[in-house]
Every structure is written in structure tokens, then in C-alpha cells.
Undergrad: 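After the C-alpha cells below, expect a handful of questions from me.
Just so we're clear, the structure is a prediction, and the values are computed from it rather than from any experiment. Whatever order the structure lists them in is the order used to number ligands and atoms, beginning at 1.
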Amino acid sequence: MRLVLLGGPGSGKGTQADVLKKKYNIAKLSTGDLLRGEITNNTELGKQAKSYMDKGELVPDSVMISILDKKTIEFEAKKQGYILDGFPRTVPQAEALLEMLKKQDVTLTMALLIDVPEHELVRRLSSRWTCKNCSATVGYPDGKPDDAICSQCGGEIYQRDDDKKETIENRMDVYMKNTAPLIGFFRNKGLLESVDGFGSLEQITQRIIMLFTEKDIV
Ligand code: AMP
């Protein structure tokens with residue numbers, strides 16, 4: 001399975017990708033997590049990416065495409081299915097992805113949209129906290145309790161710089177302008193499917209699993 005997960009920031013893509021990764025025993029590549037790892041390790045790529053990420057802007061296509069080129073080749077070499085969370089983010093990235101898969105003589109299984117309206121995305125992002133250790137997220141719409149820790153691994157949780165109020169607005173604009181057009185892009189290619197992104201984590205997972213069963217994807 002080669003799957004692209006689409007949806008605005010805060011749509012639950014990362015969380016669902018983690019669940020699907022375990023259930024179907026496939027790899028997950030989150031470009032946001034990858035870049036945050038590079039920043040933590042203070043690499044050249046991390047230094048370059050940080051200035052864009054802090055403002056809620058996109059890292060240039062050329063940088064992202066060359067990362068993905070390497071990663072997809074590695075997955076194919078290991079004969080490993082994968083989920084992409086956070087890539088593609090622009091139409092040129094989507095075109096490059098289909099082109100690289102073609103060169104590898106494989107096809108994209110599906111682009112799956114987790115459909116959540118914009119006002120709900122803003123509400124979720126502004127109350128989102130992330131685990132420093134495992135990247136799991138949790139929402140605290142009424143404020144974070146002082147003693148809160150990650151419910152998955154007990155790690156320390158923090159609010160991502162780009163989940164702060166000033167940056168959220170810019171990220172939503174960037175999403176609407178650059179990433180939302182991917183919905184039409186994949187629809188035109190006959191690759192788009194979507195699930196309603198309202199509900200509990202388990203409800204949304206069930207919708208995805210039902211869709212995969214209907215489409216005979218395992
Ligand atoms: P995310 O964790 O997916 O919300 O990504 C956090 C930030 O990383 C984004 O706001 C971008 O600055 C950057 N980023 C992640 N993936 C991409 C991508 N495919 N293209 C450009 N920038 C990206």
C-alpha cells in the first residue's frame with residue numbers, strides 16, 4: 001500500500017497514520033516530524049527548515065522532493081508499504097511524487113482526505129499539545145492542566161511553536177492556498193477518497209478501515 005494522507009493541519013492525519021502503520025504493518029513518513037528531528041539535531045537541513053517552519057510557511061519544494069525521492073526508493077528497496085503524512089503539500093510536490101513512483105514502476109494506491117472544516121481545524125490547533133518523546137498529540141480546549149503528561153508514553157508535552165495563535169492563521173492560509181488544491185488534483189487522477197474527520201479517533205479509524213475493505217486494500 002502506498003498511501004497519501006490529506007487534510008488540513010489538525011485534521012488528525014498524524015494520529016491516524018500512527019494507527020494505520022501499526023494495523024497494516026507499514027511505514028509512516030511524516031515530513032513535519034522528520035524536519036523537527038533535523039532541527040533538534042541542528043543539522044544543515046534543520047537550520048534551513050526552521051526559518052520557514054517558525055513562520056508557518058512551507059519549506060521549498062526542491063528540498064522536500066529530494067528528501068521524498070530518497071525515502072520512497074528506500075521503502076521500495078525494502079518492499080515496504082508506506083503512508084505519507086504531510087507530503088505532498090503543493091501541486092508541484094504531488095506531480096513530483098507521481099513522477100518518482102512512475103520511475104520506480106509502482107503506483108499510488110490512494111490519496112485519502114480526512115475531511116474537517118476550517119473553523120474546526122483552528123479550534124483543534126490552538127488547543128493542541130504534542131509529546132516531546134513520541135509526537136502523540138492531545139487537545140486541551142479549556143487549558144492544559146499543570147501536571148499533564150503524554151497519555152501514550154508518559155513523556156513531557158509541549159505546544160509546538162507553530163501551534164501558537166500568531167502562526168496558526170498563517171498556516172491555515174498556506175494550507176488553503178497551496179495544499180487544498182491537491183484535493184482536486186488527486187480527484188482528477190481518480191485517486192481521491194475521503195472520510196468524515198469529525199468524531200473520536202476510533203470512529204475515524206473505523207471509517208478508514210471500512211473504506212479500505214470496500215476497496216479491497218490490505
Ligand atoms: P506538519 O507537522 O505536517 O504540520 O509540518 C510542520 C511544518 O513543516 C509545516 O508547516 C512546514 O513548514 C513544514 N513541512 C512539512 N512537510 C512539508 C512539505 N511537504 N512541504 C513543505 N513544508 C513542509
Undergrad: Answer with yes or no whether the hydrophobic clustering places Ile65 together with Val106; edges join I, L, V, M, F, W, Y residues whose side-chain heavy atoms lie under 4.5 Å apart.
TA: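 Yes, Ile65 connects to Val106 through the hydrophobic network.
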Undergrad: Going by ring-ring contact (aromatic ring centres under 6.0 Å, His included), name the pairs with one or both residues in residues 82-125, residues two or more places apart or in two chains.
TA: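 Counting only pairs at least two positions apart or across chains, the ring-ring contact (aromatic ring centres under 6.0 Å, His included) contacts touching residues 82-125 are Phe75-Tyr82.
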Undergrad: Not counting sequence neighbours, list each pair that qualifies as a ring-ring contact (aromatic ring centres under 6.0 Å, His included) and has a residue in residues 150-194.
TA: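 Checked against ring-ring contact (aromatic ring centres under 6.0 Å, His included) - neighbours excluded - no pair reaches residues 150-194.
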Undergrad: Crowded around Lys47 NZ? As in, over 12 foreign heavy atoms under 6.0 Å?
TA: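 Yes.
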Undergrad: With the criterion set at N/O pairs under 3.5 Å, what does the list of contacts between the protein and ligand 1 look like, atom names and distances included?
TA:
unit_1	atom_1	unit_2	atom_2	d
ligand 1	2 (O)	Arg36	NH1	3.0
ligand 1	2 (O)	Arg36	NH2	3.0
ligand 1	2 (O)	Arg160	NH1	3.4
ligand 1	2 (O)	Arg160	NH2	3.4
ligand 1	3 (O)	Arg89	NH1	3.1
ligand 1	3 (O)	Arg89	NH2	3.2
ligand 1	4 (O)	Arg89	NH2	3.3
ligand 1	4 (O)	Arg160	NH2	3.2
ligand 1	4 (O)	Arg171	NH2	3.2
ligand 1	5 (O)	Arg89	NH2	3.2
ligand 1	12 (O)	Glu57	O	2.5
ligand 1	16 (N)	Thr31	OG1	2.8
ligand 1	16 (N)	Gly86	O	3.3
ligand 1	16 (N)	Arg89	NH1	3.4
ligand 1	19 (N)	Gly86	O	2.9
ligand 1	19 (N)	Gln93	OE1	3.0
ligand 1	20 (N)	Gln93	NE2	2.9
ligand 1	22 (N)	Val59	N	3.1

Undergrad: For Arg160, which residues count as a salt bridge (charged side-chain N to carboxylate O under 4.0 Å, His left out) partner, sequence neighbours excluded?
TA: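 By the salt bridge (charged side-chain N to carboxylate O under 4.0 Å, His left out) rule, Arg160 matches Asp162.
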Undergrad: For Gln80, does the CD atom sit with more than 12 other heavy atoms under 6.0 Å from it, leaving out its own atoms?
TA: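 Atom CD in Gln80 is crowded, with more than 12 foreign heavy atoms closer than 6.0 Å.
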